Amino acid sequence: MLRTMFTATNTLSQTQQQIDNISKNLTNTSTIGYKTKQANFSELMYQQYNNDKFDKTVRDSPVGIRYGVGARIGQIQSNQAQGALQRTDRHLDFAMTEEDRYFNVELPNGETAYTRNGAFYLTPVEPGITMLVNGDGYPVMDANGERITFPDFPTGFIMLPNGTLDVNYENSTESFDVAVTSILKPQVMEHKPGGTYIQVPANLEELNYTEADLYTDLQGANREDIGIQAGVLEMSNVEIPKEMSDLISAQRSYQFNTRAISIADQMLGLINGIR
(Lines give C-alpha, C1' and ligand atoms only; values in the text may rest on other atoms or scores of the structure.)
Protein backbone atom coordinates (compact mmCIF):
# COMPACT_ATOMS: atom_id res chain seq x y z
CA MET A 1 0.00 0.00 0.00
CA LEU A 2 2.86 2.35 0.77
CA ARG A 3 4.28 1.75 -2.72
CA THR A 4 0.91 2.73 -4.19
CA MET A 5 0.91 5.94 -2.16
CA PHE A 6 4.49 6.79 -3.14
CA THR A 7 3.80 6.20 -6.84
CA ALA A 8 0.60 8.27 -6.84
CA THR A 9 2.19 11.08 -4.80
CA ASN A 10 5.19 11.32 -7.12
CA THR A 11 3.01 11.59 -10.21
CA LEU A 12 0.58 13.92 -8.45
CA SER A 13 3.18 16.62 -7.83
CA GLN A 14 4.39 16.43 -11.45
CA THR A 15 0.84 16.62 -12.78
CA GLN A 16 0.35 19.79 -10.74
CA GLN A 17 3.39 21.29 -12.50
CA GLN A 18 1.85 20.35 -15.84
CA ILE A 19 -1.38 22.11 -14.89
CA ASP A 20 0.61 25.18 -13.81
CA ASN A 21 2.40 25.18 -17.18
CA ILE A 22 -0.89 24.97 -19.08
CA SER A 23 -2.26 27.84 -16.98
CA LYS A 24 0.78 29.93 -17.91
CA ASN A 25 0.20 29.21 -21.59
CA LEU A 26 -3.45 30.22 -21.38
CA THR A 27 -2.53 33.38 -19.49
CA ASN A 28 -0.17 34.41 -22.31
CA THR A 29 -2.51 33.83 -25.24
CA SER A 30 -2.41 37.58 -25.95
CA THR A 31 1.27 38.14 -25.13
CA ILE A 32 3.16 39.34 -28.20
CA GLY A 33 5.91 36.93 -29.24
CA TYR A 34 5.11 34.33 -26.56
CA LYS A 35 6.08 30.72 -27.33
CA THR A 36 3.94 27.99 -25.80
CA LYS A 37 5.61 25.52 -23.41
CA GLN A 38 4.91 21.78 -23.57
CA ALA A 39 5.54 19.50 -20.58
CA ASN A 40 6.97 16.10 -21.55
CA PHE A 41 6.84 13.22 -19.07
CA SER A 42 9.39 10.47 -18.54
CA GLU A 43 9.32 7.31 -16.41
CA LEU A 44 10.98 7.22 -13.01
CA MET A 45 13.16 4.30 -11.90
CA TYR A 46 11.44 0.93 -11.58
CA GLN A 47 12.23 -2.38 -9.89
CA GLN A 48 12.51 -5.54 -11.97
CA TYR A 49 11.26 -8.93 -10.69
CA ASN A 50 12.27 -11.94 -12.80
CA ASN A 51 9.80 -14.42 -11.30
CA ASP A 52 8.78 -16.23 -14.47
CA LYS A 53 11.46 -18.92 -14.68
CA PHE A 54 8.85 -21.61 -15.21
CA ASP A 55 6.71 -19.57 -17.57
CA LYS A 56 7.57 -20.78 -21.08
CA THR A 57 4.99 -18.65 -22.83
CA VAL A 58 6.38 -16.73 -25.81
CA ARG A 59 5.38 -13.08 -25.55
CA ASP A 60 6.34 -9.80 -27.21
CA SER A 61 6.51 -7.85 -23.95
CA PRO A 62 9.65 -8.00 -21.75
CA VAL A 63 9.84 -10.87 -19.29
CA GLY A 64 9.30 -10.33 -15.58
CA ILE A 65 7.32 -7.78 -13.65
CA ARG A 66 8.32 -4.13 -13.27
CA TYR A 67 7.16 -2.07 -10.32
CA GLY A 68 7.42 1.61 -11.11
CA VAL A 69 7.35 4.62 -8.80
CA GLY A 70 5.51 7.06 -11.03
CA ALA A 71 6.44 9.61 -13.68
CA ARG A 72 8.07 13.00 -13.73
CA ILE A 73 8.32 15.95 -16.10
CA GLY A 74 11.48 15.28 -18.06
CA GLN A 75 11.48 18.61 -19.90
CA ILE A 76 9.29 21.63 -20.45
CA GLN A 77 9.97 22.29 -24.11
CA SER A 78 9.31 25.54 -25.92
CA ASN A 79 7.39 25.38 -29.20
CA GLN A 80 9.22 27.70 -31.61
CA ALA A 81 6.57 27.67 -34.34
CA GLN A 82 5.83 31.03 -35.94
CA GLY A 83 2.89 32.85 -34.36
CA ALA A 84 0.20 34.59 -36.40
CA LEU A 85 1.14 38.04 -37.72
CA GLN A 86 -1.23 40.85 -36.81
CA ARG A 87 -1.08 44.04 -38.84
CA THR A 88 -0.93 47.26 -36.84
CA ASP A 89 0.52 49.71 -39.42
CA ARG A 90 2.50 51.28 -36.58
CA HIS A 91 6.00 52.46 -37.55
CA LEU A 92 7.67 50.94 -34.46
CA ASP A 93 6.00 47.53 -34.59
CA PHE A 94 8.19 44.78 -36.05
CA ALA A 95 7.84 41.02 -36.40
CA MET A 96 10.40 38.33 -37.16
CA THR A 97 9.39 36.09 -40.06
CA GLU A 98 12.10 33.50 -39.28
CA GLU A 99 11.57 31.16 -36.31
CA ASP A 100 15.10 31.45 -34.90
CA ARG A 101 15.45 35.27 -34.97
CA TYR A 102 15.33 37.38 -31.78
CA PHE A 103 15.70 41.06 -30.88
CA ASN A 104 18.34 42.02 -28.29
CA VAL A 105 17.37 44.09 -25.24
CA GLU A 106 19.27 45.15 -22.14
CA LEU A 107 17.89 44.04 -18.79
CA PRO A 108 18.05 46.31 -15.69
CA ASN A 109 21.09 44.35 -14.45
CA GLY A 110 22.98 45.18 -17.65
CA GLU A 111 22.75 41.68 -19.13
CA THR A 112 21.45 40.93 -22.62
CA ALA A 113 18.17 39.11 -23.16
CA TYR A 114 16.46 37.98 -26.35
CA THR A 115 12.80 38.41 -27.26
CA ARG A 116 10.40 37.99 -30.17
CA ASN A 117 8.29 40.92 -28.98
CA GLY A 118 8.94 43.69 -31.51
CA ALA A 119 6.61 46.37 -30.13
CA PHE A 120 9.00 49.28 -29.55
CA TYR A 121 8.49 52.73 -28.06
CA LEU A 122 10.37 55.97 -27.43
CA THR A 123 11.43 57.30 -24.05
CA PRO A 124 13.44 60.43 -23.16
CA VAL A 125 16.76 59.76 -21.41
CA GLU A 126 18.14 63.30 -21.19
CA PRO A 127 17.23 66.70 -22.64
CA GLY A 128 17.14 66.43 -26.42
CA ILE A 129 17.89 62.67 -26.53
CA THR A 130 15.41 59.83 -27.04
CA MET A 131 16.00 56.09 -26.60
CA LEU A 132 14.32 53.14 -28.32
CA VAL A 133 12.83 50.72 -25.75
CA ASN A 134 10.40 47.82 -25.67
CA GLY A 135 7.11 47.62 -23.81
CA ASP A 136 8.82 46.89 -20.48
CA GLY A 137 11.14 49.87 -20.84
CA TYR A 138 14.23 47.77 -21.66
CA PRO A 139 16.63 49.47 -24.11
CA VAL A 140 16.78 47.98 -27.60
CA MET A 141 20.38 47.23 -28.64
CA ASP A 142 22.17 47.86 -31.91
CA ALA A 143 24.55 45.47 -33.68
CA ASN A 144 27.48 46.85 -31.65
CA GLY A 145 25.81 46.11 -28.32
CA GLU A 146 24.98 49.77 -27.65
CA ARG A 147 21.64 51.34 -26.79
CA ILE A 148 19.84 52.98 -29.70
CA THR A 149 19.52 56.70 -28.96
CA PHE A 150 18.91 59.68 -31.25
CA PRO A 151 17.82 63.35 -31.10
CA ASP A 152 14.24 64.24 -30.23
CA PHE A 153 11.34 64.77 -32.64
CA PRO A 154 11.98 62.44 -35.60
CA THR A 155 9.41 62.66 -38.38
CA GLY A 156 9.24 58.92 -39.07
CA PHE A 157 10.87 55.50 -39.01
CA ILE A 158 11.62 53.00 -41.77
CA MET A 159 12.83 49.44 -41.17
CA LEU A 160 14.83 48.05 -44.08
CA PRO A 161 14.90 44.31 -44.93
CA ASN A 162 18.47 43.98 -43.57
CA GLY A 163 17.44 45.19 -40.09
CA THR A 164 18.59 48.79 -40.53
CA LEU A 165 16.30 51.29 -38.82
CA ASP A 166 16.23 54.70 -40.54
CA VAL A 167 15.24 57.56 -38.22
CA ASN A 168 14.04 60.39 -40.45
CA TYR A 169 14.10 64.11 -39.72
CA GLU A 170 13.04 67.02 -41.89
CA ASN A 171 16.48 67.47 -43.46
CA SER A 172 18.43 64.34 -42.49
CA THR A 173 18.33 60.61 -41.74
CA GLU A 174 20.13 58.65 -39.04
CA SER A 175 20.53 54.88 -39.42
CA PHE A 176 20.98 52.10 -36.85
CA ASP A 177 21.56 48.38 -37.32
CA VAL A 178 19.12 46.79 -34.88
CA ALA A 179 20.76 43.85 -33.07
CA VAL A 180 19.29 40.54 -34.22
CA THR A 181 20.45 37.16 -32.94
CA SER A 182 19.85 33.70 -34.34
CA ILE A 183 19.12 31.34 -31.43
CA LEU A 184 20.40 27.90 -32.43
CA LYS A 185 19.32 25.93 -29.33
CA PRO A 186 16.33 27.69 -27.73
CA GLN A 187 15.62 24.71 -25.46
CA VAL A 188 18.93 25.25 -23.67
CA MET A 189 18.31 28.95 -23.06
CA GLU A 190 17.08 30.14 -19.67
CA HIS A 191 13.59 31.63 -19.62
CA LYS A 192 13.26 34.90 -17.72
CA PRO A 193 10.18 36.45 -16.07
CA GLY A 194 8.06 38.43 -18.50
CA GLY A 195 6.89 35.65 -20.81
CA THR A 196 9.04 36.29 -23.89
CA TYR A 197 12.59 36.77 -22.60
CA ILE A 198 15.31 34.14 -22.88
CA GLN A 199 18.93 34.40 -21.80
CA VAL A 200 22.15 32.39 -21.91
CA PRO A 201 22.17 30.14 -18.79
CA ALA A 202 24.71 30.92 -16.09
CA ASN A 203 25.81 27.26 -15.84
CA LEU A 204 26.78 27.03 -19.50
CA GLU A 205 29.96 25.04 -18.81
CA GLU A 206 28.07 22.49 -16.69
CA LEU A 207 25.69 21.94 -19.61
CA ASN A 208 28.72 21.27 -21.84
CA TYR A 209 27.82 24.05 -24.30
CA THR A 210 29.61 27.15 -25.54
CA GLU A 211 28.02 30.45 -26.52
CA ALA A 212 28.76 29.65 -30.16
CA ASP A 213 26.61 26.51 -29.80
CA LEU A 214 23.62 28.51 -28.58
CA TYR A 215 23.43 31.65 -30.71
CA THR A 216 24.91 33.68 -33.57
CA ASP A 217 24.82 37.48 -33.75
CA LEU A 218 23.78 38.39 -37.28
CA GLN A 219 26.27 40.86 -38.64
CA GLY A 220 27.82 41.68 -41.99
CA ALA A 221 26.63 39.46 -44.82
CA ASN A 222 24.33 37.54 -42.44
CA ARG A 223 22.13 40.61 -42.06
CA GLU A 224 20.86 40.25 -45.62
CA ASP A 225 18.59 37.41 -44.53
CA ILE A 226 17.23 38.69 -41.22
CA GLY A 227 13.52 38.58 -42.01
CA ILE A 228 11.90 41.59 -40.30
CA GLN A 229 8.46 42.80 -41.31
CA ALA A 230 7.41 46.31 -40.30
CA GLY A 231 3.93 47.37 -39.26
CA VAL A 232 2.99 43.94 -37.88
CA LEU A 233 3.42 42.03 -34.61
CA GLU A 234 3.89 38.31 -34.03
CA MET A 235 1.17 37.08 -31.72
CA SER A 236 1.39 34.17 -29.27
CA ASN A 237 1.44 30.70 -30.85
CA VAL A 238 -0.69 29.21 -28.06
CA GLU A 239 -3.50 27.03 -29.42
CA ILE A 240 -6.38 27.37 -26.96
CA PRO A 241 -8.27 24.17 -28.03
CA LYS A 242 -5.10 22.09 -27.56
CA GLU A 243 -4.35 23.67 -24.18
CA MET A 244 -7.89 23.01 -22.97
CA SER A 245 -7.66 19.38 -24.12
CA ASP A 246 -4.33 18.98 -22.29
CA LEU A 247 -5.85 20.60 -19.21
CA ILE A 248 -8.74 18.12 -19.15
CA SER A 249 -6.30 15.19 -19.49
CA ALA A 250 -4.08 16.57 -16.71
CA GLN A 251 -7.04 17.10 -14.40
CA ARG A 252 -8.24 13.55 -15.06
CA SER A 253 -4.74 12.20 -14.26
CA TYR A 254 -4.71 14.27 -11.07
CA GLN A 255 -8.10 12.83 -10.13
CA PHE A 256 -6.95 9.22 -10.72
CA ASN A 257 -3.86 9.67 -8.57
CA THR A 258 -5.76 11.25 -5.69
CA ARG A 259 -8.22 8.38 -5.91
CA ALA A 260 -5.34 5.87 -5.73
CA ILE A 261 -4.07 7.53 -2.54
CA SER A 262 -7.56 7.42 -1.04
CA ILE A 263 -8.05 3.73 -1.85
CA ALA A 264 -4.58 2.84 -0.48
CA ASP A 265 -5.42 4.68 2.73
CA GLN A 266 -8.69 2.75 3.06
CA MET A 267 -6.90 -0.57 2.55
CA LEU A 268 -4.32 0.30 5.20
CA GLY A 269 -7.20 1.07 7.54
CA LEU A 270 -8.74 -2.33 6.88
CA ILE A 271 -5.40 -4.07 7.57
CA ASN A 272 -4.97 -2.21 10.83
CA GLY A 273 -8.53 -3.13 11.78
CA ILE A 274 -7.86 -6.84 11.22
CA ARG A 275 -4.78 -6.68 13.45
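Computed over heavy atoms, backbone and side chain alike; hydrogens, waters and symmetry mates excluded. Model, not experiment: these values are computed from the prediction.
Atoms CG and CG, on Leu26 and Asp246 in that order, are 9.5 Å from each other to the nearest 0.5 Å. Distance CG/Asp100 to CD/Gln82: 10.5 Å, rounded to 0.5 Å. Rounding to the nearest 0.5 Å places CZ of Arg147 at 7.0 Å from CE of Met141.
Residue pairs that meet the salt bridge (charged side-chain N to carboxylate O under 4.0 Å, His left out) test with at least one member in residues 193-222, sequence neighbours left out, do not exist here. Within the structure, the salt bridge (charged side-chain N to carboxylate O under 4.0 Å, His left out) test picks out no pair touching residues 163-185 (sequence neighbours left out). Within the structure, ring-ring contact (aromatic ring centres under 6.0 Å, His included) contacts touching residues 194-237 (residues at least two apart or in different chains) are Tyr114-Tyr215, Tyr138-Tyr197. Applying the ring-ring contact (aromatic ring centres under 6.0 Å, His included) test to residues at least two apart or on different chains, the pairs with a partner in residues 69-101 are Phe94-Phe120.
The side chain to side chain donor-acceptor pair (under 3.5 Å) search around Asn10 returns none, not counting sequence neighbours. Annotation: side chain to side chain donor-acceptor pair (under 3.5 Å) contacts of Asp89 (sequence neighbours excluded): Arg87.
Shown here is Arg90, whose CZ atom has more than 12 heavy atoms of other residues, nucleotides or ligands within 6.0 Å. More than 12 heavy atoms of other residues, nucleotides or ligands lie within 6.0 Å of CG in Asn109, so this atom counts as buried by the packing criterion.
Salt-bridge check for Arg116 with Glu98: failed, with every basic side-chain N at 4.0 Å or more from each acidic carboxylate O. Between Asp20 and Lys24 no salt bridge is recorded (no basic side-chain N to carboxylate O distance below 4.0 Å).
For the pair Lys35 (side chain) and Ser236 (backbone), a donor-acceptor distance under 3.5 Å is absent. The closest donor-acceptor contact from the side chain of Thr27 to the backbone of Ser23 lies under 3.5 Å.
The shortest heavy-atom contact between Met189 and Ile183 is CG-CG2, 4.0 Å.
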